[in-house]
Amino acid sequence: NALEVEVASVADCPFAGKDLFMARANIVVAGSANTDMFILMDALPSAGETHIGGEFQTKPGGKGANQAVAAARAGSAVCLIANLGDDLFGKNTVETLVKERVSIDFVSLDRHAPTGVAMIMVDAAGQNMIAVAPGANSMLTPKHIEKAQPRIKDADFLLLQMEIPLDTVSYAIELAHDERTPVVLNAAPAPRSALPSDLIAKVDTLIVNEFEAAVLSGTRVDSPADGERAAQTLRNMGAKRVVITLGSRGALALGDKLFSVSAKTVEAVDTVGAGDAFCGALVTALGEGFEFADAVSFANAAAALACTRVGAQASLPARTDIESFWKQ
(Lines give C-alpha, C1' and ligand atoms only; values in the text may rest on other atoms or scores of the structure.)
Protein backbone atom coordinates (compact mmCIF):
# COMPACT_ATOMS: atom_id res chain seq x y z
CA ASN A 1 0.00 0.00 0.00
CA ALA A 2 3.01 2.29 -0.02
CA LEU A 3 3.56 4.77 -2.82
CA GLU A 4 7.11 5.50 -3.82
CA VAL A 5 8.08 9.11 -3.20
CA GLU A 6 8.25 10.93 -6.52
CA VAL A 7 11.03 13.27 -5.47
CA ALA A 8 14.54 13.28 -6.89
CA SER A 9 17.05 11.39 -4.82
CA VAL A 10 19.78 13.30 -3.08
CA ALA A 11 22.11 12.37 -5.93
CA ASP A 12 20.08 14.68 -8.19
CA CYS A 13 20.27 17.69 -5.87
CA PRO A 14 22.40 20.77 -6.67
CA PHE A 15 24.95 19.93 -3.97
CA ALA A 16 25.56 16.39 -5.27
CA GLY A 17 29.22 15.62 -5.78
CA LYS A 18 30.35 17.88 -2.96
CA ASP A 19 30.75 17.02 0.73
CA LEU A 20 28.31 14.10 0.58
CA PHE A 21 30.53 12.04 -1.68
CA MET A 22 33.64 12.85 0.30
CA ALA A 23 32.15 10.97 3.25
CA ARG A 24 34.16 8.02 4.46
CA ALA A 25 31.32 5.98 5.97
CA ASN A 26 28.41 4.51 3.99
CA ILE A 27 25.44 4.10 6.33
CA VAL A 28 21.90 2.77 5.80
CA VAL A 29 19.32 3.72 8.44
CA ALA A 30 15.93 1.99 8.68
CA GLY A 31 13.43 3.56 11.02
CA SER A 32 10.78 6.10 11.87
CA ALA A 33 10.21 9.63 10.60
CA ASN A 34 7.84 11.94 12.47
CA THR A 35 6.75 15.52 12.77
CA ASP A 36 7.56 16.72 16.30
CA MET A 37 5.24 19.23 17.96
CA PHE A 38 6.94 20.98 20.90
CA ILE A 39 5.59 23.01 23.78
CA LEU A 40 8.35 24.77 25.71
CA MET A 41 7.26 25.56 29.26
CA ASP A 42 8.59 26.46 32.70
CA ALA A 43 7.52 23.16 34.29
CA LEU A 44 6.01 19.88 33.11
CA PRO A 45 2.38 19.34 34.17
CA SER A 46 1.35 16.53 36.48
CA ALA A 47 -1.46 14.13 35.56
CA GLY A 48 -4.71 16.08 35.27
CA GLU A 49 -2.93 19.44 35.47
CA THR A 50 -3.02 22.19 32.81
CA HIS A 51 -0.18 24.67 32.35
CA ILE A 52 -0.74 27.78 30.21
CA GLY A 53 1.94 30.01 28.73
CA GLY A 54 4.22 27.68 26.76
CA GLU A 55 5.75 28.34 23.33
CA PHE A 56 4.73 26.06 20.44
CA GLN A 57 7.12 24.85 17.73
CA THR A 58 6.93 22.25 14.94
CA LYS A 59 10.09 20.42 13.86
CA PRO A 60 11.07 17.26 11.93
CA GLY A 61 11.77 14.18 14.07
CA GLY A 62 11.42 10.42 14.47
CA LYS A 63 14.38 8.34 15.64
CA GLY A 64 15.13 6.92 12.20
CA ALA A 65 15.16 10.30 10.46
CA ASN A 66 16.96 11.92 13.39
CA GLN A 67 19.74 9.35 13.35
CA ALA A 68 20.03 9.53 9.57
CA VAL A 69 20.47 13.31 9.76
CA ALA A 70 22.85 12.94 12.71
CA ALA A 71 25.04 10.55 10.73
CA ALA A 72 24.95 12.79 7.65
CA ARG A 73 25.96 15.86 9.66
CA ALA A 74 28.71 13.82 11.30
CA GLY A 75 30.16 13.06 7.87
CA SER A 76 28.53 9.88 6.54
CA ALA A 77 26.83 9.18 3.22
CA VAL A 78 23.39 8.09 4.43
CA CYS A 79 20.39 6.31 2.93
CA LEU A 80 17.12 6.21 4.90
CA ILE A 81 14.47 3.48 4.65
CA ALA A 82 11.21 4.93 5.99
CA ASN A 83 7.45 5.16 5.44
CA LEU A 84 5.65 8.51 5.60
CA GLY A 85 2.05 9.56 5.15
CA ASP A 86 1.06 11.05 1.81
CA ASP A 87 0.29 14.35 3.52
CA LEU A 88 1.81 17.76 4.17
CA PHE A 89 3.91 16.49 7.08
CA GLY A 90 5.29 13.68 4.94
CA LYS A 91 6.19 15.94 2.03
CA ASN A 92 7.83 18.43 4.37
CA THR A 93 9.89 15.58 5.84
CA VAL A 94 11.06 14.56 2.38
CA GLU A 95 12.17 18.12 1.66
CA THR A 96 14.06 18.25 4.94
CA LEU A 97 15.85 14.96 4.24
CA VAL A 98 16.94 16.17 0.82
CA LYS A 99 18.27 19.40 2.31
CA GLU A 100 20.19 17.34 4.87
CA ARG A 101 21.82 15.27 2.11
CA VAL A 102 20.12 12.03 3.11
CA SER A 103 19.21 9.72 0.22
CA ILE A 104 15.43 9.21 -0.08
CA ASP A 105 15.67 6.39 -2.63
CA PHE A 106 13.86 4.08 -0.18
CA VAL A 107 11.49 6.54 1.50
CA SER A 108 7.81 5.89 0.69
CA LEU A 109 4.61 7.93 0.95
CA ASP A 110 1.65 5.89 2.17
CA ARG A 111 -1.87 6.84 1.03
CA HIS A 112 -3.49 4.86 3.84
CA ALA A 113 -1.75 6.19 6.96
CA PRO A 114 -0.74 9.64 8.24
CA THR A 115 2.81 10.69 8.94
CA GLY A 116 3.83 9.86 12.51
CA VAL A 117 3.53 12.66 15.06
CA ALA A 118 5.27 13.18 18.42
CA MET A 119 3.88 15.56 21.06
CA ILE A 120 6.76 16.82 23.23
CA MET A 121 6.73 19.00 26.32
CA VAL A 122 10.08 20.43 27.49
CA ASP A 123 10.65 22.26 30.78
CA ALA A 124 13.15 24.96 31.70
CA ALA A 125 15.67 22.34 32.87
CA GLY A 126 15.58 20.51 29.54
CA GLN A 127 13.60 17.52 30.81
CA ASN A 128 10.81 16.27 28.58
CA MET A 129 7.64 14.21 28.25
CA ILE A 130 6.85 12.60 24.87
CA ALA A 131 3.81 10.89 23.36
CA VAL A 132 3.99 9.38 19.87
CA ALA A 133 1.30 8.47 17.32
CA PRO A 134 3.32 6.25 14.92
CA GLY A 135 1.03 6.50 11.90
CA ALA A 136 2.80 5.36 8.73
CA ASN A 137 5.84 4.20 10.73
CA SER A 138 3.80 1.21 11.87
CA MET A 139 3.33 0.31 8.20
CA LEU A 140 7.05 0.02 7.47
CA THR A 141 7.26 -3.65 6.50
CA PRO A 142 9.92 -6.23 5.57
CA LYS A 143 9.02 -5.52 1.92
CA HIS A 144 10.40 -1.99 2.31
CA ILE A 145 13.62 -3.47 3.70
CA GLU A 146 13.84 -6.10 0.98
CA LYS A 147 13.71 -3.44 -1.75
CA ALA A 148 16.79 -1.83 -0.22
CA GLN A 149 18.81 -5.07 -0.07
CA PRO A 150 21.47 -3.95 -2.59
CA ARG A 151 22.07 -0.74 -0.64
CA ILE A 152 22.28 -2.64 2.66
CA LYS A 153 24.71 -5.12 1.13
CA ASP A 154 27.07 -2.30 0.14
CA ALA A 155 26.78 -0.39 3.42
CA ASP A 156 29.45 -0.19 6.11
CA PHE A 157 26.70 -0.40 8.77
CA LEU A 158 22.93 -0.75 9.08
CA LEU A 159 21.50 1.40 11.89
CA LEU A 160 18.12 0.50 13.44
CA GLN A 161 15.84 1.63 16.29
CA MET A 162 12.57 0.39 17.82
CA GLU A 163 9.97 2.90 16.55
CA ILE A 164 9.01 0.57 13.70
CA PRO A 165 7.45 -2.93 13.96
CA LEU A 166 9.64 -5.58 15.60
CA ASP A 167 9.06 -7.93 12.67
CA THR A 168 10.59 -5.31 10.38
CA VAL A 169 13.55 -4.75 12.71
CA SER A 170 14.10 -8.51 12.90
CA TYR A 171 13.93 -8.93 9.14
CA ALA A 172 16.40 -6.09 8.61
CA ILE A 173 18.86 -7.61 11.09
CA GLU A 174 18.57 -11.03 9.42
CA LEU A 175 19.06 -9.56 5.96
CA ALA A 176 22.09 -7.51 7.01
CA HIS A 177 23.55 -10.55 8.79
CA ASP A 178 23.14 -12.63 5.62
CA GLU A 179 24.85 -9.87 3.63
CA ARG A 180 27.63 -9.57 6.24
CA THR A 181 26.76 -5.94 6.92
CA PRO A 182 27.32 -5.07 10.60
CA VAL A 183 24.23 -3.91 12.52
CA VAL A 184 24.03 -1.14 15.10
CA LEU A 185 20.78 -1.47 17.05
CA ASN A 186 19.55 1.35 19.28
CA ALA A 187 16.94 -0.53 21.33
CA ALA A 188 14.88 2.63 21.87
CA PRO A 189 12.23 3.10 22.90
CA ALA A 190 12.54 0.12 25.20
CA PRO A 191 10.71 -2.95 23.90
CA ARG A 192 7.88 -4.25 26.07
CA SER A 193 9.75 -7.49 26.59
CA ALA A 194 13.26 -8.81 26.12
CA LEU A 195 14.46 -9.23 22.56
CA PRO A 196 15.18 -12.80 21.39
CA SER A 197 18.76 -13.72 22.15
CA ASP A 198 19.23 -15.16 18.67
CA LEU A 199 18.38 -11.70 17.29
CA ILE A 200 20.76 -9.86 19.61
CA ALA A 201 23.46 -12.36 18.63
CA LYS A 202 23.36 -10.88 15.11
CA VAL A 203 23.92 -7.32 16.35
CA ASP A 204 27.41 -5.85 16.12
CA THR A 205 26.80 -2.92 18.48
CA LEU A 206 23.84 -2.59 20.86
CA ILE A 207 23.09 0.91 22.20
CA VAL A 208 20.74 1.34 25.17
CA ASN A 209 20.10 3.84 27.94
CA GLU A 210 19.77 2.85 31.60
CA PHE A 211 16.06 2.01 31.36
CA GLU A 212 16.44 0.05 28.12
CA ALA A 213 19.42 -1.84 29.56
CA ALA A 214 17.28 -2.85 32.54
CA VAL A 215 14.43 -4.09 30.34
CA LEU A 216 16.71 -6.18 28.14
CA SER A 217 19.11 -7.49 30.79
CA GLY A 218 16.83 -7.73 33.82
CA THR A 219 19.32 -5.65 35.86
CA ARG A 220 18.48 -2.14 37.10
CA VAL A 221 21.31 0.28 36.40
CA ASP A 222 21.58 2.30 39.61
CA SER A 223 25.35 2.15 40.03
CA PRO A 224 28.52 1.52 38.00
CA ALA A 225 28.52 -2.09 39.21
CA ASP A 226 24.92 -2.51 38.00
CA GLY A 227 25.92 -1.08 34.63
CA GLU A 228 28.79 -3.53 34.34
CA ARG A 229 26.49 -6.46 35.14
CA ALA A 230 23.87 -5.29 32.64
CA ALA A 231 26.45 -4.77 29.91
CA GLN A 232 27.96 -8.20 30.53
CA THR A 233 24.51 -9.81 30.42
CA LEU A 234 23.77 -8.18 27.07
CA ARG A 235 27.19 -9.20 25.80
CA ASN A 236 26.50 -12.77 26.92
CA MET A 237 23.26 -12.66 24.90
CA GLY A 238 25.42 -12.30 21.81
CA ALA A 239 25.93 -8.61 21.02
CA LYS A 240 29.53 -8.09 19.96
CA ARG A 241 29.69 -4.68 21.66
CA VAL A 242 27.38 -2.94 24.14
CA VAL A 243 27.03 0.76 24.94
CA ILE A 244 24.91 2.01 27.84
CA THR A 245 24.35 5.78 27.70
CA LEU A 246 24.06 7.38 31.13
CA GLY A 247 22.99 10.95 30.38
CA SER A 248 24.91 13.43 32.52
CA ARG A 249 27.17 10.57 33.69
CA GLY A 250 28.50 9.81 30.21
CA ALA A 251 28.53 6.26 28.86
CA LEU A 252 29.62 2.74 29.76
CA ALA A 253 30.78 0.40 27.01
CA LEU A 254 31.86 -3.20 26.70
CA GLY A 255 33.78 -4.53 23.73
CA ASP A 256 37.02 -6.42 24.17
CA LYS A 257 37.11 -4.71 27.57
CA LEU A 258 34.86 -2.61 29.78
CA PHE A 259 35.40 1.16 29.84
CA SER A 260 33.54 4.35 30.70
CA VAL A 261 33.46 7.78 29.08
CA SER A 262 32.81 10.85 31.20
CA ALA A 263 30.12 13.30 30.16
CA LYS A 264 31.15 16.59 28.58
CA THR A 265 30.02 19.62 30.58
CA VAL A 266 27.40 21.75 28.83
CA GLU A 267 24.44 23.94 29.78
CA ALA A 268 21.54 21.66 28.76
CA VAL A 269 18.38 23.24 27.39
CA ASP A 270 16.77 20.17 25.79
CA THR A 271 17.83 16.52 25.90
CA VAL A 272 15.44 15.29 23.16
CA GLY A 273 18.03 14.81 20.39
CA ALA A 274 20.97 13.65 22.49
CA GLY A 275 20.47 9.91 22.06
CA ASP A 276 20.01 10.21 18.31
CA ALA A 277 23.08 12.43 18.01
CA PHE A 278 25.03 9.77 19.89
CA CYS A 279 23.88 6.97 17.58
CA GLY A 280 24.50 8.88 14.35
CA ALA A 281 27.96 9.97 15.45
CA LEU A 282 28.87 6.51 16.77
CA VAL A 283 27.95 4.67 13.58
CA THR A 284 29.81 7.30 11.55
CA ALA A 285 32.95 6.87 13.63
CA LEU A 286 32.73 3.07 13.46
CA GLY A 287 32.19 3.27 9.70
CA GLU A 288 35.33 5.37 9.42
CA GLY A 289 37.34 2.78 11.32
CA PHE A 290 37.68 4.51 14.69
CA GLU A 291 38.73 2.33 17.59
CA PHE A 292 35.66 1.48 19.65
CA ALA A 293 36.66 3.61 22.64
CA ASP A 294 37.36 6.61 20.41
CA ALA A 295 34.04 6.12 18.61
CA VAL A 296 32.14 6.13 21.92
CA SER A 297 34.00 9.25 23.06
CA PHE A 298 33.29 11.00 19.74
CA ALA A 299 29.58 10.08 20.01
CA ASN A 300 29.49 11.28 23.61
CA ALA A 301 30.70 14.71 22.49
CA ALA A 302 28.00 14.86 19.81
CA ALA A 303 25.30 13.96 22.35
CA ALA A 304 26.45 16.68 24.74
CA LEU A 305 26.34 19.31 22.00
CA ALA A 306 22.80 18.23 21.08
CA CYS A 307 21.66 19.11 24.61
CA THR A 308 22.55 22.77 24.07
CA ARG A 309 19.82 23.36 21.45
CA VAL A 310 16.05 22.83 21.33
CA GLY A 311 14.59 20.18 19.05
CA ALA A 312 15.61 16.78 17.76
CA GLN A 313 17.06 17.38 14.29
CA ALA A 314 17.65 21.07 14.95
CA SER A 315 20.01 20.16 17.78
CA LEU A 316 22.17 17.67 15.86
CA PRO A 317 25.73 18.97 15.53
CA ALA A 318 27.89 19.24 12.42
CA ARG A 319 31.16 17.32 12.05
CA THR A 320 33.39 20.34 12.57
CA ASP A 321 31.58 21.19 15.82
CA ILE A 322 31.81 17.62 17.10
CA GLU A 323 35.52 17.37 16.37
CA SER A 324 36.28 20.74 17.95
CA PHE A 325 34.31 19.95 21.12
CA TRP A 326 35.62 16.38 21.29
CA LYS A 327 39.22 17.58 21.35
CA GLN A 328 38.67 20.08 24.18
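Keep in mind it's a predicted model, so treat the numbers as computed, not measured.
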Counting only heavy atoms not in [X], do more than 12 fall under 6.0 Å of its [atom1]?
| X | atom1 | value |
| --- | --- | --- |
| Phe259 | CZ | yes |
| Phe292 | CZ | yes |
| Asp256 | CG | no |

> Could you walk me through whether Ser76 and Thr284 pass the side-chain hydrogen bond (donor to acceptor under 3.5 Å, both in side chains) check?
Replying inline: CA-CA 6 Å; Ser76 290; Thr284 294; 2.7 Å; yes
Do you know which two heavy atoms are closest between [X] and [Y], and how far apart they sit?
| X | Y | result |
| --- | --- | --- |
| Leu97 | Ala65 | CD2-CB, 4.4 Å |
| Ser170 | Leu199 | OG-CD2, 3.5 Å |
| Ala70 | Ala277 | CB-CA, 4.0 Å |
| Val28 | Ala155 | CG2-CB, 3.7 Å |
| Ala263 | Ser248 | CB-O, 3.1 Å |

Hey, does [Y] have a side-chain heavy atom less than 4.5 Å from the side chain of [X]?
| X | Y | result |
| --- | --- | --- |
| Leu234 | Val208 | yes |
| Ile244 | Val242 | yes |
| Ser108 | His144 | yes |
| Gln127 | Val122 | no |
| Asp105 | Ile81 | no |
| Thr35 | Asn92 | no |
| Leu185 | Ile207 | no |
| Met139 | Pro134 | no |

Between [X] and [Y], a side-chain donor and acceptor under 3.5 Å:
| X | Y | answer |
| --- | --- | --- |
| Gln161 | Asn186 | no |
| Asn83 | Asp110 | yes |
| His51 | Glu49 | yes |
| Thr219 | Arg229 | no |

> Step by step, would you call Asn34 with Asn137 a side-chain hydrogen bond (donor to acceptor under 3.5 Å, both in side chains)?
Replying inline: CA-CA 8 Å; Asn34 294 330; Asn137 294 309; 2.6 Å; yes
Residues [X] and [Y] bridged, charged N to O under 4.0 Å:
| X | Y | result |
| --- | --- | --- |
| Lys59 | Asp36 | no |
| Glu288 | Arg24 | yes |
| Asp321 | Arg73 | no |
| Arg319 | Glu323 | yes |
| Arg220 | Asp226 | no |

Gap between atom [atom2] of [Y] and atom [atom1] of [X] - 0.5 Å precision:
| X | Y | atom1 | atom2 | answer |
| --- | --- | --- | --- | --- |
| Leu206 | Glu212 | CG | CD | 9.0 Å |
| Arg235 | Gln232 | CZ | CD | 7.0 Å |
| Phe56 | Met41 | CZ | CE | 12.5 Å |
| Glu163 | Gln67 | CD | CD | 8.5 Å |
| Thr233 | Leu216 | OG1 | CG | 10.5 Å |
| Lys240 | Thr205 | NZ | OG1 | 7.5 Å |

> Yes or no on side chain to side chain contact (heavy atoms under 4.5 Å, CB included) for Thr181 and Phe157, after CA distance, side-chain angles and deciding distance?
Replying inline: CA-CA 6 Å; Thr181 298; Phe157 282 90; 5.6 Å; no
> When you look at Val117 and Val132, which way does the side chain to side chain contact (heavy atoms under 4.5 Å, CB included) test go after all the steps?
Replying inline: CA-CA 6 Å; Val117 172; Val132 178; over 6 Å; no
Can any side-chain N or O of [X] pair as donor or acceptor with the backbone N or O of [Y] at less than 3.5 Å?
| X | Y | answer |
| --- | --- | --- |
| Lys327 | Ile322 | no |
| Ser217 | Ala213 | yes |
| Lys264 | Phe325 | yes |
| Ser32 | Ile164 | no |

> Does the side-chain hydrogen bond (donor to acceptor under 3.5 Å, both in side chains) test come out yes or no for Thr115 and Asp87, once each step is laid out?
Replying inline: CA-CA 7 Å; Thr115 298; Asp87 51 29; 2.7 Å; yes
> Should Glu146 and Tyr171 be marked as a side chain to side chain contact (heavy atoms under 4.5 Å, CB included) after you check the CA-CA gap, both sets of side-chain angles, and the distance that decides it?
Replying inline: CA-CA 9 Å; Glu146 184 178 17; Tyr171 180 84; 3.6 Å; yes
> Within 45° of the six-membered ring axis of Phe106 and under 6.0 Å from that ring's centre, is NZ or CZ of Arg151 located there?
Replying inline: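 Because its charged atom misses either the 6.0 Å distance or the 45° angle limit, Arg151 does not stack over Phe106.
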>> Test side chain to side chain contact (heavy atoms under 4.5 Å, CB included) on Arg241 and Leu254; report intermediate values, then the result.
In response: CA-CA 6 Å; Arg241 298 179 289 204; Leu254 177 61; over 6 Å; no
> Can you name the residues that form a side-chain contact (heavy atoms from CB on, under 4.5 Å) with Asp294, not counting sequence neighbours?
Replying inline: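 Counting only residues at least two positions away or on another chain, Asp294 forms a side-chain contact (heavy atoms from CB on, under 4.5 Å) with Phe290, Glu291, Trp326.
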